[in-house]
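One structure is given here, and the rest of the page talks about it.
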Amino acid sequence: MFSVKQDFNYSAEHECLIVGVFDKPNKFEGILTRVDEQFGGQLTELVKSGDISVKKKAIAKIHTFGKIGAKRLIAVGLGKEKEYSFEILREALGRAFKEVKTSRIQEAAVCLDAFTSEGVDALDAAHAVSEAFVLATYEFEGYKQKSNEPEKDIESIAVYSSADKEDVKASLTVGYAHGKGTNSARTLVNLPGNMLTATDMANYASELAWRYDFEVEILEKEDMLKLGMGALLAVNQGSAEPPKMIVLKYQGKEEWKDVIGLVGKGITFDTGGYSIKPKDGIVGMKTDMGGAAAVLGAMEIIGELKPEQNVVAVIPSTDNMVSGTAFKPDDVITSMSGKTIEVLNADAEGRLALADAVTYAKHHGADYLVDVATLTGGVIVALGEETTGALANNEEWFEQVLEASYEAGEPIWRLPLFEKDKERIRSSQIADLNNSPGRAGHAIMGGGFVGEFAEDTPWVHLDIAGTATATKNYDLGPAGATGVMVRTLALLVERFQSK
Ligand code: BES
Ligand code: ZN
Ligand code: ZN
């Protein structure tokens, strides 16, 4: 897919060359200078005349009529160099690759030198190139009986850089893995509930395990009964589909210590159960396994890049259905931890499934926990659809998650979880906990409930109900599933520091 080259010349014969242009008096650097020279100084002129805009993420497509080693130039504006960042770079490249794709060009070259600045080096830029390419050109095939020929994908990309060839290649590989893992998660989330049952998800995880040599364990209903996973079983009670508790283990250290537990909500469809959702609220609930998808996407990246860390991924999976056997409001259930739960709302099912998953992750030795879940509509009310909501019981662990999210360009914002909040979760006349203490602050109530099962283990909760899907196309992907938190989780693992 990628090749790295150090010298750009006339014989290169590329379909297009992607260049970046900063808002600064026509001063090109590195290989971009050579491109301008070959073009007889035209690049300088086009920027001067404004035919190539230097505005942030503006795209210009210019035919070169064979004057340089590429038929076309795709120039993307990078704005002021002072304001430039890795994030702008990644999005600018996303736009450029979208342009390549819609122009049905199957081969491209990138002038990497044109995208570097003081704060962004060639290796960052290489990472951004492969990641942005994979993310921005993603498409979910869907199920239409297409009459036209399928579109051809971009097949090869040449990267021109004056930096060390092997280092650039290594960064391209990392970015590529991050993009691919994210896209896998997007596809899982885009799959309709009838195409991705808990069994399908378990099979998918087993395939990953086979591909990357992970240890895999799939708990069946009988196993859950033996282990007393009454919370996950309650959610599954009304379903015709068997539940699965999916466990993947990746051991990158000699010993099984400093284990990071990644737990993802895997509700393949959420009707709300007997607290049934209104007809408008139920549409889209195939995405209620976005947390599970994030964890599986991250595991794919971990399998590709093999960091020296230990990870256990735990995914509780079922749909949440209505039938004569379904669990009901007022039911009291006993979780694997022994904690009893009064069910006040059958639509607050995610926290129940996660409760047993968190307990089970601890049984597998998780020393640090992150749970990811499309948990509450409340988080959308609180933070909108661009920001993932977080809760935490440990400052240092939260700091590591926050750092990873910065690097991934996936913003998170922490909500408070005070003793008074916990009291509401712990208030039930007849059980230890209740699963729905009322609408006030309900993103906090949902996450806080999961935290009851993390107990003293450092834990961060990520509520992606607002961020797991996008209503519109954006620079790094199409409308639909975003694959949010895949890269944050992968980076968290890659950069993890034990205390
Ligand atoms: N899966 C939903 C949350 C959700 C809402 C995800 C919108 C994606 C988009 C979750 O299981 C749910 O129904 N939560 C309830 C909790 C309430 C009953 C306490 C909610 O948010 O209304
Ligand atoms: Zn629900
Ligand atoms: Zn749900």
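Just so you know, ligand 1 is whichever comes first in the structure, and atom 1 is the first atom listed for that ligand.
His364 and Glu215 share no side-chain donor-acceptor pair at under 3.5 Å. With 3.5 Å as the limit, one finds a donor-acceptor pair spanning the side chains of Thr197 and Asp200.
Residue, atom and distance of the protein heavy atom nearest to atom 16 (C) of ligand 1 are Arg351 NH2, 3.7 Å. Of the protein's heavy atoms, Asp347 O, 3.2 Å lies nearest to atom 12 (C) of ligand 1. Ranking the protein heavy atoms by distance from atom 18 (C) of ligand 1 puts Asn345 ND2, 3.1 Å first. With respect to atom 10 (C) of ligand 1, the closest heavy atom belonging to the protein is Leu375 O, 3.2 Å. Regarding atom 21 (O) of ligand 1, its nearest protein heavy-atom neighbour is Gly377 N, 2.5 Å.
In this structure, Tyr368 and Trp397 have tilted ring planes: the angle between them lies in the 30° to 60° band.
The Zn ion (ligand 2) lies at 2.8 Å or more from every N, O or S atom belonging to Asp288. Residue Lys265: an N/O/S atom is found under 2.8 Å from the Zn ion (ligand 3).
Crowding of Lys221 atom NZ: a count of heavy atoms from other residues, nucleotides or ligands under 6.0 Å not exceeding 12. Within 6.0 Å of atom CD in Glu396, 12 or fewer heavy atoms from other residues, nucleotides or ligands are found, so the atom counts as exposed in its surroundings. Other residues, nucleotides and ligands contribute only 12 or fewer heavy atoms inside 6.0 Å of the NZ atom of Lys55. Taking a 6.0 Å sphere around CZ of Phe418, one finds it holds 12 or fewer heavy atoms contributed by other residues, nucleotides or ligands. The number of heavy-atom neighbours closer than 6.0 Å to NZ of Lys57, taken from other residues, nucleotides and ligands shown, is above 12.
Looking at Asp270 against ligand 1, only its side chain comes within 4.0 Å, counting heavy atoms. Of all the heavy atoms of Met285, the ones lying under 4.0 Å from any atom of ligand 1 belong exclusively to the side chain.
Within Asp270, the N/O/S atom positioned nearest the Zn ion (ligand 2) carries the name OD2. Looking only at its N/O/S atoms, Glu349 has OE1 as the one nearest to the Zn ion (ligand 2).
Heavy atoms of Lys265 approach ligand 1 to within less than 4.0 angstrom. Ligand 1 has at least one atom lying under 4.0 Å from a heavy atom of Ser436.
In this structure a side-chain-to-backbone donor-acceptor pair under 3.5 Å is missing from Lys101 to Tyr138. Although no hydrogens or angles enter the test, the distance criterion places a donor-acceptor pair under 3.5 Å between the side chain of Gln400 and the main chain of Gln497.
Proximity to Lys277 (heavy-atom distance under 4.0 Å) selects the following atoms of ligand 1: 2 (C), 12 (C), 13 (O). Close contacts between ligand 1 and Ala465 involve ligand atoms 6 (C), 8 (C), 9 (C) [criterion: under 4.0 Å to a heavy atom].
Counting heavy atoms only, His442 comes closest to atom 22 (O) of ligand 1 of the residues Glu349, His442, Met445.
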